[in-house]
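Step one of this worksheet: look at the structure below.
Lettering follows sequence order; numbering is per chain, from 1.
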Amino acid sequence: MYTQALNERIDGPRVVEDPEKLAAFQARIDAEEKIEPNDWMPEAYRRTLVRQISQHAHSEVVGMLPEGNWLTRAPTLKRKAALLAKIQDEGGHGLYLYAAAETLGVSREELYEQLLSGKAKYSSIFNYPTLTWADIGCIGWLVDGAAIMNQIPLCRTSYGPYARAMIRICKEESFHQRQGYEIMLALCRGTPEQKAMAQDALNRWWWPALMMFGPPDSESVHTEQSMRWKIKRFTNDELRQKFVDATVPQAHYLGLTIPDPELRYDEATGHWRYGPIDWDEFKRVIAGFGPCNRERLAARRKAHEEGRWVREAAIAHAEKRRMRERAQRLAAE
Amino acid sequence: MAEQPMPLWEVFVRARTGLAHRHVGSVHAPDAEMALQAARDTYTRRGEAISIWVVPSSAITASDPADKDSLFEPTASKIYRHPSFYEIPEEVGHM
Amino acid sequence: MTTIRVEETPHLTAILRLADTALVLSHRLSEWCGHAPMLEEDLALANIALDLLGQARLLYQHAAELEGKGRTEDDYAYLRDAPQFRNYLIAELPRGDFAFTIVRQTLFSAYFHPFWRRAANSTDRTLAAVAAKAEKELAYHLRHAGAWLVRLGDGTEESHRRTREALDALWPYTGEFFEVDAVSRAMIEAGVLPDPEALRPNFEETVDRLLREAGLPRPPAVWMQSGGLRGVHTEHLGHMLAVMQHLQRAYPGARW
């Protein structure tokens, strides 16, 4: 969903790779072969993948929180069911992605530890608050819409387990954006208060949604290598433009105004041109100073801490049961 | 104290009668029964299964990709294993 | 829209009791979503919550047919105040810790699994259809909760202690399952509802088996709590509804 990880520098010791192996690896990638867990891969490829897949997984599980904020207040039983199913899907997607990352030799516990300690990043979008029901509509429509733009090309990403997880995720997510747009539609066809609620939510979510694609190509450190490895298949700006082109007419259909005075249609190219994005805000939120960074991490830590005794008990019971079964076997012999 | 890792299980799902179980992903669970339930709740939310297998990931032995040539290359030359290797006159009909 | 006045007949009341119970418990379970002890459990509890929510919706739709006033499922869920809710008290108690949730699910499912199995023969054809679906769902809910109960009871000292505390706290709320008032008496006689007394052996057998496996003592016979069926609730339901009904109440008549 969220490929902002690709825009950070990889840390860790520099590994000097065997040029022959490196060339053979690149040839496989160029031939569109999938790379599988036990295959040889450059250390930097492995690290990039672990970081991107785990960041993607973290984004899914942190992403459960802003929507979960409205789960107990969904205004109809139908909306309640759809929202619960959607948030549950996100948990499932986090699970698929952690599993994909684990094939690269890192455990879920380690990845989780990185999230909870604040070392690992997740998509900046989830550090914004959900203040009204229309925010749930906007998350489905814009955030999931942006995610889909990002995720569809990832179904063809070069690492097999990641690509397979993405195929499953994309299939399941097809209803997410539609349920969000339907919420917006109901609001825009509703009372003036509801319409105002929809416009207000769009005003707050539009720019953060555009930031989800990451910094402009001119400033993105990592795009080139990731493109060559076919981990990433389109640049940030390409995807952002696709998203804007798809979304602007949808907003117009709702009768809503995109909060960008510079937005205009470019006849020559067929693209919607948008105004400058506030990258300072983006950096600020990534750095931990968004409206909800603290709450989101605190909620994840709390769940993890409060669940510890449960996980310990389950493991302890499994161990006891093994011992008992062994004792029974021995007694029978 | 570091938390003990929850064991990892590979999940295989039979989608319809007559099909083989296919690997779909993995789950973490303390034991086989909980792994089965987690697999059910994770991988069959849209009616994708009529049967599930879970296997401890640690129980799987995989071939080494480095052995690919020695394991799988030798079969390439044994074309006599394929029906198209043999010439049967057309008059004999389908065989 | 303001609070609706439902003209209750025994049949309608009986259906609302089941619908309200399913909705309220589903709501409590949904509070776990994103906060469960492990990701796998987030998914499991959400599945159970979705099953119960599905049951509640079918039952409210049936209630609307019975009442015949053109109401919707949402009217019953969002436009009645706590005293009009007819759910069993056990469903509305706050989420608690994971042990509390597991014990509640175990006790609830140990009763409602055989309940729905019998209700599949109801003379109310719609209820029978809901029951046929719910029975399968409850069978899984019981399997899930039962497995956890055993693991928590026979896990660590802490998990045993928490589970035992939860059991002691929840046990007094199991009496309501077997309460029969004039409404349920009429419905049992009409063949709409199963007689809870007939379900007791099954309930006790399930609970005893699981408690034994979990190494937990069966709580002693205590004074049983009562009131939900006639709208006398705990303090918790009002808060839950205040949250749940917030939008419908703040924007009367709006469509969502």
With a sphere of 6.0 Å drawn around [atom1] of [X], does it hold more than 12 non-hydrogen atoms of other residues, nucleotides or ligands?
{"X": "K171(A)", "atom1": "NZ", "answer": "no"}
{"X": "K78(A)", "atom1": "NZ", "answer": "no"}
{"X": "R324(A)", "atom1": "CZ", "answer": "yes"}
{"X": "R14(B)", "atom1": "CZ", "answer": "yes"}
{"X": "Q4(B)", "atom1": "CD", "answer": "no"}
{"X": "K68(B)", "atom1": "NZ", "answer": "no"}
{"X": "E32(A)", "atom1": "CD", "answer": "yes"}

Using non-hydrogen atoms only, which part of [X] is less than 4.5 Å away from chain A: side chain, backbone, both, or neither?
{"X": "E48(B)", "result": "side chain"}
{"X": "S63(B)", "result": "backbone"}
{"X": "A32(B)", "result": "neither"}

Worksheet item: How many angstroms lie between OG in S107(A) and CD in E3(B), if you round to the nearest 0.5 Å?
Response: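 Those atoms lie 10.5 Å apart.
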Worksheet entry | Pairwise distance CG(D31(B)) to CD(E319(A)) - rounded to 0.5 angstrom |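 Interatomic distance, D31(B) CG to E319(A) CD, rounded to 0.5 Å: 11.5 Å.
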Worksheet entry | Heavy-atom donor-acceptor pair, E109(A) side chain to M6(B) backbone, under 3.5 Å |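 Yes.
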Worksheet item: Is a side-chain N or O of R168(A) found less than 3.5 angstrom from the main chain of V24(B), in a donor-acceptor match?
Response: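 Not at all, since once roles are kept as given, no pair shorter than 3.5 Å links the two residues.
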With a 4.5 angstrom heavy-atom cut-off, could you sort out which part of [X] is near chain B: side chain, backbone, both or neither?
{"X": "R321(A)", "result": "neither"}
{"X": "I315(A)", "result": "both"}
{"X": "E102(A)", "result": "side chain"}

Discussion item. For the interface with chain A, which of P5(B), S26(B), G25(B) has the highest count of heavy-atom pairs at distances below 4.5 Å?
Written reply: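 Of P5(B), S26(B), G25(B), P5(B) has the most heavy-atom pairs under 4.5 Å with chain A.
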Item to complete: Between chain B and each of E172(A), H317(A), R322(A), count heavy-atom pairs under 4.5 Å; write down the option with the most.
Response: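 So the answer, after comparing E172(A), H317(A), R322(A), is E172(A).
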Worksheet item: Shortest non-hydrogen contact from Y43(B) to L95(A)?
Response: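 Taking Y43(B) first and L95(A) second, the nearest heavy atoms are OH-CD2, 4.2 Å.
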Worksheet entry | Ion pair R46(B)/D89(A), N-O distance below 4.0 Å |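 Looking at R46(B) and D89(A), the cut-off is met.
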